[in-house]
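In this text, all values refer to a predicted model and were calculated from it rather than measured experimentally.
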Amino acid sequence: MHLVLTRCAIGLMVLWPCIAGADETLGICYREDAAPFSYTSDAGEPTGYTVDLCQRVAASLNVKPDMIKVTSQNRFDELVKGSCDLLCEASTVTMARREIVEFSLITFVTGSALLYPEDLLSEKSTGADVRVGYLRGTTVEDQRRAGTLIGGDKAKFEFVAYSSHEDAQTALDRGELQSYIADREILDLILKSNPELARTHRVTRKSITYEPYAIAVRLGDDDLRLAIDRVLANLFRKPEAMKEILLKHIPNRSDDPLLEDLFEIQSIPE
């Protein structure tokens, strides 16, 4: 069974939560294709920055994490219908999503960028059509539908939707896709895993979208959201602990002043 939280009171103090039952688990929805935030390791284990944070929540509640795979397309549906208790991947907080789920404190801030062939914006550009990929079920897709994604004079962009980052990476490797839009850290890993692509492609410095990440729970799961926020705030009050987590999963952001400020602002006292 998944976790059912209750509160205990001693005197005037509310101790939250009570000790969980031995048969209770915390359902954690994760993705296999959202490295470095949520993915499957070479050993076949769910891992990543956000997965790490959610497993710490499970440990704080003294329950076993039950890891449940989702996709970018069905992740919020699976959470809402109760397949899991927490959505732990690269979930961007938006006002529209806050109508259907609740979010924790902000866990990370990034932005989507464009992975592109370096001659696209140079004088070498032929002006030929450029196929630009993006992931279904994301904020990038929302901007594509709104017609506010990208534009340019040198080339005509043909947008192509993919069901996973892995499918898009395969298309890039085969030359079927010239450019790809995704969150910056995801693009960095794509280039790191493909030295040949790294020799010909670059990632734009300017972000296309603003992506504040958080852990999602079902509407009305206020006790669970509070438990998550308590774990996060406790970590945020320990800069070295957060730096260690970042070094493990996203080392190039481990000394980022923006993230340091984000964590400090949210280091809410008990």
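Between Lys243 and Glu260, none of the side-chain N atoms (NZ, or NE/NH1/NH2) sits under 4.0 Å from a carboxylate O, so this pair counts as no salt bridge.
Here the shortest heavy-atom pairing between Val51 and Cys88 reads CG2-O, 3.9 Å. Ile68 approaches Ser83 most closely through the heavy-atom pair CD1-O, 2.9 Å. Here the shortest heavy-atom pairing between Leu247 and Ser254 reads CD2-OG, 3.4 Å.
Partners of Ala58 by side chain to side chain contact (heavy atoms under 4.5 Å, CB included), not counting sequence neighbours, listed by chain and number: Leu26, Val63, Pro65. For Gln55, there are no side-chain hydrogen bond (donor to acceptor under 3.5 Å, both in side chains) partners at least two apart in sequence or on another chain. Among residues two or more places apart in sequence or in another chain, the side-chain hydrogen bond (donor to acceptor under 3.5 Å, both in side chains) test is passed with Thr110 by Glu185. Among residues two or more places apart in sequence or in another chain, the salt bridge (Lys or Arg N to Asp or Glu O under 4.0 Å) test is passed with Lys206 by none. Partners of Arg31 by salt bridge (Lys or Arg N to Asp or Glu O under 4.0 Å), not counting sequence neighbours, listed by chain and number: Asp33, Glu89. Considering only residues two or more places apart in sequence or on other chains, Arg199 meets the side-chain hydrogen bond (donor to acceptor under 3.5 Å, both in side chains) condition with Glu196. Checked against side-chain hydrogen bond (donor to acceptor under 3.5 Å, both in side chains), Asn234 has the following partners two or more places apart in sequence or in another chain: Arg237. Residues satisfying the side chain to side chain contact (heavy atoms under 4.5 Å, CB included) criterion with Gln169, sequence neighbours excluded, are Asp173, Ile190, Ser193. With sequence neighbours left out, the ring pair (Phe, Tyr, Trp, His ring centres under 6.0 Å) criterion links Tyr134 to no other residue.
Within the structure, the ring-ring contact (aromatic ring centres under 6.0 Å, His included) test picks out the following pairs touching residues 172-193 (sequence neighbours left out): His165-Tyr180. Listed by first and then second residue, the ring-ring contact (aromatic ring centres under 6.0 Å, His included) pairs that reach into residues 46-94 are Tyr49-Phe108, sequence neighbours excluded. Sorted by first and then second residue, the pairs that involve residues 244-270 and meet ring-ring contact (aromatic ring centres under 6.0 Å, His included), not counting sequence neighbours, are Phe236-Phe263.
With a 4.5 Å cut-off on side-chain heavy atoms, Thr107 and Leu105 do not count as touching. The closest side-chain heavy-atom distance from Leu79 to Arg218 is below 4.5 Å.
Summarising the geometry, atom CG belonging to Asp167 is positioned 9.0 Å from atom CZ belonging to Arg136; distances are rounded to the nearest 0.5 Å.
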